[in-house]
Trainee: 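Following this message is one structure expressed as C-alpha cells.
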Number of protein chains: 2
Amino acid sequence: MDAPRSSVTRSDPEAVDRAGWNRACLLPRELPRPRVNALSNTYATVTGLRPPVHEGMVGRLSTPTVYDVAERSGVSIATVSRVYRNPDSVRAQTRDKVLHAARELGYFPSGNARGLASRTTGVLGLCFPDYADPDAEADGADGDDSAVMLYSDQIIRGMERAARRHGYALLIAASLEGGPQTLVEQVAGRVDGFAVLARTIPTEDLEIISRRLPVVMLAGPREIDHLDHIEVANFDGERELTRHLIADHGLRRLAFVGGEIDSPDAEARFGGFRAACQEADLPVPDEPTIRASMMTQAEGARAAEALLDRGGAHPQGVLFANDQMAVGALHALESRGVRVPRDIAVTGFDGIPLSRIVRPALTTVRQPMRRLGEEAVDLLVRRLGDRSREPVSLMLPVSVTRRASCGCVGEARQL
Amino acid sequence: MDAPRSSVTRSDPEAVDRAGWNRACLLPRELPRPRVNALSNTYATVTGLRPPVHEGMVGRLSTPTVYDVAERSGVSIATVSRVYRNPDSVRAQTRDKVLHAARELGYFPSGNARGLASRTTGVLGLCFPDYADPDAEADGADGDDSAVMLYSDQIIRGMERAARRHGYALLIAASLEGGPQTLVEQVAGRVDGFAVLARTIPTEDLEIISRRLPVVMLAGPREIDHLDHIEVANFDGERELTRHLIADHGLRRLAFVGGEIDSPDAEARFGGFRAACQEADLPVPDEPTIRASMMTQAEGARAAEALLDRGGAHPQGVLFANDQMAVGALHALESRGVRVPRDIAVTGFDGIPLSRIVRPALTTVRQPMRRLGEEAVDLLVRRLGDRSREPVSLMLPVSVTRRASCGCVGEARQL
DNA sequence: GCGCTGCCTGTAAGCGCATACATCACCCTG
DNA sequence: CAGGGTGATGTATGCGCTTACAGGCAGCGC
C-alpha cells in the first residue's frame, strides 16, 4: 500500500506516521515540545476511535504547525517563522531545508495566529448597508444579473483592486439582521482598517472602533471629524442636472422626490436642486415634493403615482434622489400611460448599470464608485503608515449623464 | 476638564487612568494579571515620551481586552468571554455588569484571538483570477463603471449574500503578482472554507489546502475529485447557441474562436460547437478556428481581423468562447467596415453586463453567476457542518440570450 | 591570542480569547 | 443535617505564531 503522499487517509494511521505527523503518542519526540495541542491531533491513534469518515474521503489530518515544520527540518520554530516573515535573515541552506519540510507537510501559516502575534491582519474591510431590492432581484432572476449590480458592487471592485495593489485582501460584509453588533465583531476584529458606507454602523460604534483602527467613511457627511472621509459632489451634481432640465429642455414645473430624511446624500441632492431653482427664479421648495425610501423601485413607483394623483397639472420633470426610485417610476409611468420623456422628464442619481438598461435610458448623475473604493483604500493604507496624519476629507466629482429619459434623445453610441 | 468619554486623548494621561486603562505602571493592580502586554500599552505614561500626535487627533489608546473588561467589571476573563459566546450561561446581572464595562472601555473582541482559540473564523473566502482588462478599463474611465463589471463581480455578490444569510463574512482576493503563494497565505489562513475559480490556484496547492479546510471549485473541470465542485453547462450552452445560428439563421460557414488551450471552459464550449456542427452535418473542426486569450477585448479584435485576413470567403458567423473577446471583435469588425449581423453574425458566452450594452447587443449564453456564488456558499456551509459528506458536483444550467448580434433583431424590451 | 563584531539561530515570552475542569454557593431530598 | 445535584463563576492552559533577547561561532584587527 504505497499511497501517494497526497492521499494519506485517516483510516491508515501508519501513513500518518510516514508523513511524520504523528506526534500524539510519542510526545515528546526529539525536541521537547512545550505544547499539548498534539494530544488532540491525530485523534484516531489516541483514542482508538475514529470519526465517521466516509469511504474514500481524504482524511483531514491535523493542521501542521511551525512546530512540525521545525521538528522535521531540524531547526527552531523561530527560524521557521523567519523563513516566512523575513527570508533574508536566514541562511539560504537553512531556508531551503525549512521550505522543503513545509512543503512535505503541507504546512501553511495560520492567519489567526499570525494576526494575534503580530497585531496585523493584511486585510482591509468594507461594511455596507444591504441595498438589496427585491424588485430588481426579481427582474434579475429571469433576466440578467447585471440588473442587480448596485452601488456597493462597484465600490467593492474598486477596493479589491486597490487593496490588492497594496498587498491586502478585502473582507466585505453587509449589515446583518443581527444588528450592527455582529457586523462590528465580524469585521472590526479581523481587519487592519476598513471603509464604511454611510448609515451602516451607528456613529457611536464607529467612534469606538476608530479608536482602534483606521476607518474611512464613504458617501454621506463627515459624521466624525477625526476620520478620513470621502464623499461625492451630490449638491453640485444635482444642481447641474437641474440646470440642464431648466436651461436645455425649458422645463419649469419640476418635482423632486427625496429619500429618507436621514439620508444626507438625498438631502444634499435636494440642496442642489433648490440651488438651481433659485438661480432660475423658480419656486424654491423647502421640502422635497415627496419623500420615499431609496431602497426599492416599488417606492419610486409609488412616488410617481402619488405625483400623478395630486390633481392639478403634473410636473414637467421629476428628479429622483436616486436611480432605483427613478427606474421604479419609469415602470409606473408607463403603466399609467404617461410617456417619458414626452409627457414628463425623469432623472435619477448614481449611474447604476440598470439606469442604462431601462427604456427609456435614464438620465442620471454618475458617481465614480469604483474610484470611491480605490481612494478609500489609499486613505486607509496611508493612515496605517502614519496614524498621526491629518484626517482628510475628499470630495469626488460627479458627471451628468444625459440619456433619453430627460429628452436628450439618442444616447451617444457606446464603444 | 471634563472630557466626554469618547475623546480620551493620549496627551491626557489622567484621562487614561479615569478610563481605567492605565495598567502600565501599576501592574499588578487588583487581580494578578498573568500578562505583560500591558507594558507596551499606554506608552505615553511609561516612557514619558509620546508619539507624534497631531493636534486634535483623538489618541488611539491601547486596545482593551477581556482582561480589562474583567477587571473593570469585577469578574474573571472566562465570564467575559462567556458573555459574548454564550450569554445564557451567565447570570443576567453579571452579564449586564460586563457589557456595561465593555461599553465604557470600547471593548470589542479580537477576531484573531477568537479564531486562534476556537479554530474558526466566521469568514468564507473567494479566490479568483485577475480578469482585469485594460481595454474595458479604459472604456470605463470616461464612461461607465458597469462596463467593467465582470464575471467575478457577480459571483462575489452571490457569495456575499449567501454568506451573510449564514452568518459569515466574505474575504475576497484576486490572484496576486506575488504568485499563488501569497494568495494562499492571505486567504487560506483566514477563512473557514473558500471557493476558487478555476485556474486561480495550482491544483497541487489546492490539494494541500483542502486537507485543512473545505474548498469548492467553481467553473472548470473537477480537478480534484474529493472536492465539492460547481460548473456551468458550457457544452450544452454552446451547442444550443450553435444550433440557433444554424437552424434559425441558416448559417453554415461558422468559425469558433477558442481560448487558451488550458481553459477547460473554452474547450467545453468548443465541444458544444462541434456537437452542433456534427448534428447539422457541417464540417466538424478538430481545433478552434483561432485561439486567443480570453482576458482582453484586444485579443478578440485581433482574432476577428485574423479571420478577415485569411483569404477566401469569410465565415457567416463567428462564435467566441467568451463575451470579452466578442466585444473586442465587434469593435474590430466595425472599424473594418464589416456589418454585424448583416455581414457576419457574432456571439459570445458569459452574459456579462457589457454584452448588453454594446451595439449591436451581443447574443450570448448567460451563466447564472450569482447563483454560482450562492451555491458555492451553500456547499461550503454544508461541508462545514459535516466534513464527511459525499463530495458533490453540480452543473448549473445556462440560457441562450438572443440579441442583435446574431440577427435576432430587437432585443426584448427590458423592464 | 584575545576581545570584538556580525551573522545566524535558538529560547522564551507573550498576543487575546475559549474552554475543560475545578470550585463554590445554594437548594433539595430524605 | 448529610449527601448530592445544579448553576454560576474562576483557574489554568493552549491555540500557532512573532519577536526581543541571548547565545554561538567565525572572521577580524591589533
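For the numbers below, each heavy atom of this structure counts, side chains included, while hydrogens, waters and symmetry mates do not.
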Trainee: Check whether any side-chain nitrogen or oxygen of A/Arg114 sits under 4.0 Å from OP1 or OP2 of D/dT18, and answer yes or no.
Mentor: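 Checking A/Arg114 against D/dT18: at least one side-chain N or O falls below 4.0 Å of OP1 or OP2.
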Trainee: Any idea which of C/dT9, D/dT18, C/dG16 is nearest the A/Thr94 side chain?
Mentor: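 Output: C/dT9.
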Trainee: OP1, OP2 of D/dG16 versus side-chain N and O of B/Arg119: anything below 4.0 Å?
Mentor: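 For D/dG16, OP1/OP2 do have a side-chain N/O of B/Arg119 under 4.0 Å.
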Trainee: Whether A/Tyr107 contacts D/dC17 is assessed here as follows: a side-chain N or O lying under 4.0 Å from the phosphate OP1 or OP2. Is that the case?
Mentor: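 Yes, within the criterion.
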Trainee: Assign B/Val90 to base, sugar-phosphate, or nothing according to its heavy-atom contacts below 4.0 angstrom with the strands shown.
Mentor: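 The residue B/Val90 makes sugar-phosphate contact but no base contact.
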Trainee: Phosphate oxygens OP1/OP2 of D/dG16: is one of them under 4.0 Å from a side-chain N or O of A/Tyr84?
Mentor: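 A/Tyr84 to D/dG16 OP1/OP2: no side-chain N or O under 4.0 Å.
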Trainee: For B/Asp68 and C/dC17, what is the distance between atoms CG and C1' respectively, to the nearest whole Å?
Mentor: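 From B/Asp68 CG to C/dC17 C1': 13 Å.
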Trainee: Can you find a heavy atom in the side chain of A/Ile172 that is under 4.5 Å from one in the side chain of A/Phe128?
Mentor: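 A side-chain contact exists here, since the closest heavy-atom pair is under 4.5 Å.
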Trainee: Mind calculating the distance between CG (B/Leu116) and P (C/dG14) to the nearest angstrom?
Mentor: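 In whole Å, C/dG14 P and B/Leu116 CG are 17 Å from each other.
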Trainee: Collect all protein-nucleotide pairs involving nucleotides 19-27 of chain C in which both atoms are nitrogen or oxygen and the distance is under 3.5 Å.
Mentor:
none

Trainee: A/Ala376 and A/Val216: which non-hydrogen atoms are nearest, and at how many Å?
Mentor: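 Looking at all heavy atoms of both residues, the closest pair is O-CG1, 3.8 Å.
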Trainee: Can you check whether B/Pro202 reaches B/Glu207 side chain to side chain, under 4.5 Å on heavy atoms?
Mentor: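 Not in contact.
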Trainee: Within less than 4.0 Å of OP1 or OP2 of D/dT9, is there a side-chain N or O belonging to B/Ser89?
Mentor: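 Checking D/dT9 against B/Ser89, no side-chain N or O comes under 4.0 Å of OP1 or OP2.
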Trainee: Name all residues meeting the salt bridge (Lys or Arg N to Asp or Glu O under 4.0 Å) criterion together with A/Arg114; count only those two or more places apart in sequence or in a different chain, and write none if there are none.
Mentor: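 For A/Arg114, the residues satisfying salt bridge (Lys or Arg N to Asp or Glu O under 4.0 Å) (neighbours in sequence not counted) are B/Glu185.
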Trainee: When the aromatic ring centroids of B/Tyr107 and B/Tyr67 are compared, is their separation below 6.0 Å?
Mentor: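 Between B/Tyr67 and B/Tyr107, which both carry aromatic rings, the centre distance is not below 6.0 Å.
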Trainee: Whole angstroms only, please: what is the CD-C1' distance between A/Glu71 and D/dC17?
Mentor: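 So the CD-C1' distance, A/Glu71 to D/dC17, works out to 17 Å.
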Trainee: Between B/Arg95 (CZ) and D/dA8 (P), how many Å, whole number?
Mentor: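 In whole Å, D/dA8 P lies 10 Å from B/Arg95 CZ.
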Trainee: Taking side chain to side chain contact (heavy atoms under 4.5 Å, CB included) as the criterion, tell me which of B/Thr120, B/Leu379, B/Leu124 meets it with B/Leu384.
Mentor: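 Among the candidates, only B/Leu124 passes.
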Trainee: Looking at the side chain of B/Ser76, which of C/dC8, D/dT18, D/dT11 is the nearest nucleotide?
Mentor: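 Between C/dC8, D/dT18, D/dT11, the one nearest the side chain of B/Ser76 would be D/dT11.
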Trainee: Rounded to whole Å, please give me the gap between CG in A/Asn86 and P in D/dT19.
Mentor: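 Going from A/Asn86 (CG) to D/dT19 (P), I get 9 Å.
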Trainee: Output the rounded distance in Å from CG (A/Asn112) to P (D/dG16).
Mentor: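 Value for this atom pair: 10 Å.
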Trainee: Would you say the side chains of A/Asp386 and A/Ser388 form a donor-acceptor pair under 3.5 Å?
Mentor: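 Their side chains do contain a donor-acceptor pair, which is all the 3.5 Å distance test asks for.
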Trainee: Can you measure A/Leu105 atom CG to D/dG16 atom C1' for me and round it to whole angstrom units?
Mentor: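 These atoms are roughly 15 Å apart.
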